[in-house]
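Heavy-atom basis, side chains included; hydrogens, waters and symmetry copies ignored.
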Amino acid sequence: MLGKAKVATRLPAKDLDRARAFYSEKLGLDPVEQRDGGLRYVCASGEFAIFISAGTQSGTHTQMGWEVEDIEATVQELRARGVKFEEYDLPGLKTVNGIAEIAGNYTSKGVGERGAWFRDSEGNLLGIGQPVRA
């Protein structure tokens, strides 16, 4: 039943105006629709909504991500817009200039992945990934 359904992410925000400004100014995304307490965005494949919430984001895991063709160019462009990328030095995960080389991947996508992470204005942890093809 759900295998044919489109996935749509929901991200919480404490300040919707601040979130709108971040997604527009930093990521170059503008909502396609808005309602009281919510903004809806559409990307090349899928969509996401940002909604007003009194809850607290854990920020301990990736809440949404984009798959890109050129992660270095994407990171460079986002940095030029003021996005700050996370740096990690953990067992099995180390970033260099904000980008990690991740061994292994879903075999239909490649042999590995390159990844980078940043937080939006509301503390949500967002990711960018580029499959490494053999």
Side-chain angles (χ1 to χ4, degrees):
M1 172 172 45
L2 293 179
K4 294 183 180 182
K6 184 169 77 171
V7 173
T9 299
R10 303 292 187 256
L11 296 171
K14 295 218 185 270
D15 184 324
L16 206 55
D17 291 331
R18 180 177 62 202
R20 176 199 295 268
F22 177 88
Y23 281 81
S24 178
E25 295 166 12
K26 307 294 186 198
L27 306 185
L29 299 172
D30 292 308
V32 297
E33 187 176 1
Q34 64 185 43
R35 63 172 174 76
D36 273 353
L39 304 169
R40 188 171 72 90
Y41 295 80
V42 175
C43 295
S45 179
E47 65 181 55
F48 67 97
I50 300 172
F51 65 96
I52 288 292
S53 174
T56 303
Q57 299 76 359
S58 73
T60 60
H61 65 282
T62 306
Q63 294 167 266
M64 182 175 71
W66 290 267
E67 188 172 292
V68 299
E69 292 294 320
D70 185 342
I71 196 168
E72 289 178 0
T74 302
V75 167
Q76 182 178 357
E77 181 179 338
L78 291 174
R79 273 198 176 121
R81 291 172 166 259
V83 173
K84 292 181 171 77
F85 283 85
E86 300 287 308
E87 293 290 346
Y88 297 105
D89 190 359
L90 306 167
L93 182 69
K94 180 176 174 61
T95 53
V96 176
N97 199 24
I99 300 173
E101 304 289 334
I102 306 162
N105 202 346
Y106 299 103
T107 57
S108 64
K109 294 181 102 172
V111 297
E113 184 175 21
R114 301 180 77 207
W117 297 266
F118 62 93
R119 294 182 189 283
D120 71 4
S121 61
E122 307 308 296
N124 296 303
L125 186 60
L126 308 176
I128 300 170
Q130 177 187 345
V132 174
R133 293 172 171 71

Does the Glu87 side chain pair with the main chain of Gly98, one donor and one acceptor, at a distance under 3.5 Å? yes
Would you say Glu101 has more than 12 foreign heavy atoms packed within less than 6.0 Å of its CD? yes
Parallel, tilted or perpendicular, judged at 30° and 60°: which one describes the rings of Trp117 and Tyr88? perpendicular
Can you find a heavy atom in the side chain of Leu27 that is under 4.5 Å from one in the side chain of Val83? yes
Hydrophobic cluster membership, Tyr41 vs Phe51, 4.5 Å side-chain cutoff: no
Phe22 and Asn124: CA distance, side-chain angles, deciding distance, side chain to side chain contact (heavy atoms under 4.5 Å, CB included) verdict: CA-CA 12 Å; Phe22 177 88; Asn124 296 303; over 6 Å; no
Report whether Val68 and Ile99 are members of the same hydrophobic cluster (ILVMFWY, side-chain heavy atoms less than 4.5 Å apart, transitive linking). yes
Under a 3.5 Å distance rule, please check whether Lys14 uses its side chain to pair with a backbone N or O of Ala54 as donor and acceptor. yes
Can you get from Val75 to Met64 by hopping between Ile, Leu, Val, Met, Phe, Trp and Tyr side chains that sit under 4.5 Å apart? yes
Smallest heavy-atom separation, Val42 atom then Val32 atom, equals CG2-CG2, 3.7 Å
Ring geometry between Phe118 and Trp66 (parallel below 30°, tilted from 30 to 60°, perpendicular above 60°): parallel
Correct closest heavy-atom pair for Thr62 and Gly127 would be CG2-N, 3.8 Å
Ser53 and Gly55: which non-hydrogen atoms are nearest, and at how many Å? OG-N, 3.0 Å
How close do Gln63 and Thr9 get, heavy atom to heavy atom, and via which atoms? O-CG2, 3.8 Å
Ignoring hydrogens, what is the shortest heavy-atom contact between Ser24 and Asp30? Give both atom names and the distance. OG-OD1, 2.9 Å
Are Asp120 and Ile50 packed together at the side-chain level, in the sense that at least one heavy-atom pair is separated by less than 4.5 angstrom? no
Connected via hydrophobic side-chain network under 4.5 Å: Val111 and Ile102: no
Heavy-atom side-chain proximity of Tyr23 to Pro31 below 4.5 angstrom: no
Within the distance-only criterion (no hydrogens, no angle test), does the side chain of Gln130 pair as donor or acceptor with the backbone N or O of Glu69 below 3.5 angstrom? yes
Do Glu72 and Asp70 pass the side chain to side chain contact (heavy atoms under 4.5 Å, CB included) test, and can you show the C-alpha distance, the side-chain angles, and the key distance before you say yes or no? CA-CA 6 Å; Glu72 289 178 0; Asp70 185 342; 3.8 Å; yes
Distance (rounded to the nearest 0.5 Å) between Arg35 CZ and Arg40 CZ: 11.0 Å
I'd like to know whether Phe48 forms a side chain to side chain contact (heavy atoms under 4.5 Å, CB included) with Leu29, so could you lay out the CA-CA distance, the side-chain angles of the two residues, the decisive distance to 0.1 Å, and finally the verdict. CA-CA 11 Å; Phe48 67 97; Leu29 299 172; 4.0 Å; yes
Keeping to residues at least two apart or across chains, list the salt bridge (charged side-chain N to carboxylate O under 4.0 Å, His left out) pairs with something in residues 122-134. Arg18-Glu122
To check you understand the geometry: which heavy-atom pair defines the closest contact between Leu16 and Gly38, and what is its length? CD2-N, 3.4 Å
Is there a donor-acceptor pair under 3.5 Å between the side chain of Arg81 and the backbone N or O of Glu25? yes
